[in-house]
Amino acid sequence: MPIVSLDNTITFAISVRDRHGSAKWYKDMLGFELIHHVDEAGWSEMMTKTDGVTLGLGEHTEPVPGNAVPVFGVGNIATARKDLETAGVKFDGETIVVEGMVSTATFYDPDGNALMLAQDLTGEG
């Protein structure tokens, strides 16, 4: 039995220079549909052609090509993080909360690959 119960969603986060331009490219080239642009967070998200899989575009002045981070959806990020930390999993800093949007926490596998947990906060009131 796994330590953490994941949702049936995954987002692949990549860094880009221009989220709006990149979103247009992914729409035109691959048929992905824009979910939203969150300009204040430097983030855009697109629905891929695969159920439960989205592409996140994080805006950076110097993107790091080839550095995609899988983002796994969880129902309760605090519990998931605590359970993984108890099992010895290393995290990168504190959990980041964008109020009314999302909570995220970056962690590492045994080889140092970055992975992320995310809890959707859009439905909370």
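- Heavy atoms only, all atoms of each residue included: R19 and E59 are closest at N-OE2, 2.9 Å.
- Listed for the T48 side chain is a donor-acceptor partner under 3.5 Å among the backbone atoms of T50.
- When side chains are defined from C-beta on, V4 counts as touching V74, because their heavy atoms get closer than 4.5 Å.
- Counting heavy atoms from C-beta outward, N113 and Y108 have side chains that stay 4.5 Å or more apart.
- Here the side chains of T106 and T104 are not in contact, with every heavy-atom distance at 4.5 Å or above.
- A distance of 12.5 Å separates NE2 in H37 from CH2 in W43, rounded to the nearest 0.5 Å.
- Once rounded to the nearest 0.5 Å, the distance linking CE of M116 with CZ of F72 reads 11.5 Å.
- The closest side-chain heavy-atom distance from V71 to T9 is not below 4.5 Å.
- Looking at N76, its side chain does come within 3.5 Å of a backbone N or O of A78 through a donor-acceptor pair.
- Ion pairing of E33 with K27 is present here, as a side-chain N (NZ or NE/NH1/NH2) and a carboxylate O approach within less than 4.0 Å.
- Expressed to the nearest 0.5 Å, how far CG of D7 lies from CG of L117 amounts to 10.5 Å.
- By the 4.5 Å heavy-atom criterion applied to side chains, L121 and V97 are counted as neighbours.
- Contact detail for H20 and D39: the closest heavy-atom pair is NE2-OD1, 3.0 Å.
- A 4.5 Å side-chain heavy-atom check between V38 and M101 finds at least one atom pair inside the cut-off.
- Annotation for N8: atom CG does not count as buried by contact number, only 12 or fewer foreign heavy atoms lying within 6.0 Å.
- Between the side chains of T122 and D120, at least one donor N or O sits under 3.5 Å from an acceptor N or O.
- In the hydrophobic clustering of ILVMFWY residues, with side-chain heavy atoms under 4.5 Å counting as a link, L84 and I10 come out together.
- Between D92 and F107, the closest side-chain pair of non-hydrogen atoms is not below 4.5 Å.
- Shortest non-hydrogen contact noted between L34 and E45 is CD1-O, 3.6 Å.
- At least one side-chain heavy atom of I14 sits less than 4.5 Å from a side-chain heavy atom of L55.
- Looking at every heavy atom in both residues, A114 comes nearest to V69 through O-CG1, 3.8 Å.
- In terms of modelled atom types and a separation under 3.5 Å, the side chain of D109 and the main chain of D111 share a donor-acceptor contact.
- Taking OG of S103 as the reference point, atom CZ of R81 lies at 11.0 Å (rounded to 0.5 Å).
- Summarising the geometry of I35 relative to M46, their closest heavy-atom pair is CD1-C, 3.7 Å, with the distance given to 0.1 Å.
- In this structure, Q119 contributes its side chain and I77 its backbone to a donor-acceptor pair below 3.5 Å.
- Among S44, S15, P63, the one residue that satisfies the side chain to side chain contact (heavy atoms under 4.5 Å, CB included) test with L57 is S44.
- Hydrophobic clustering (ILVMFWY, side-chain heavy atoms < 4.5 Å, transitive): F12 and L115 are in one cluster.
- The shortest non-hydrogen separation linking T11 to G56 is CG2-N, 3.6 Å.
- In this structure a side-chain-to-backbone donor-acceptor pair under 3.5 Å is missing from T95 to A105.
- V98 is not connected to F91 by any chain of hydrophobic side-chain contacts under 4.5 Å among Ile, Leu, Val, Met, Phe, Trp and Tyr, and they are in different clusters.
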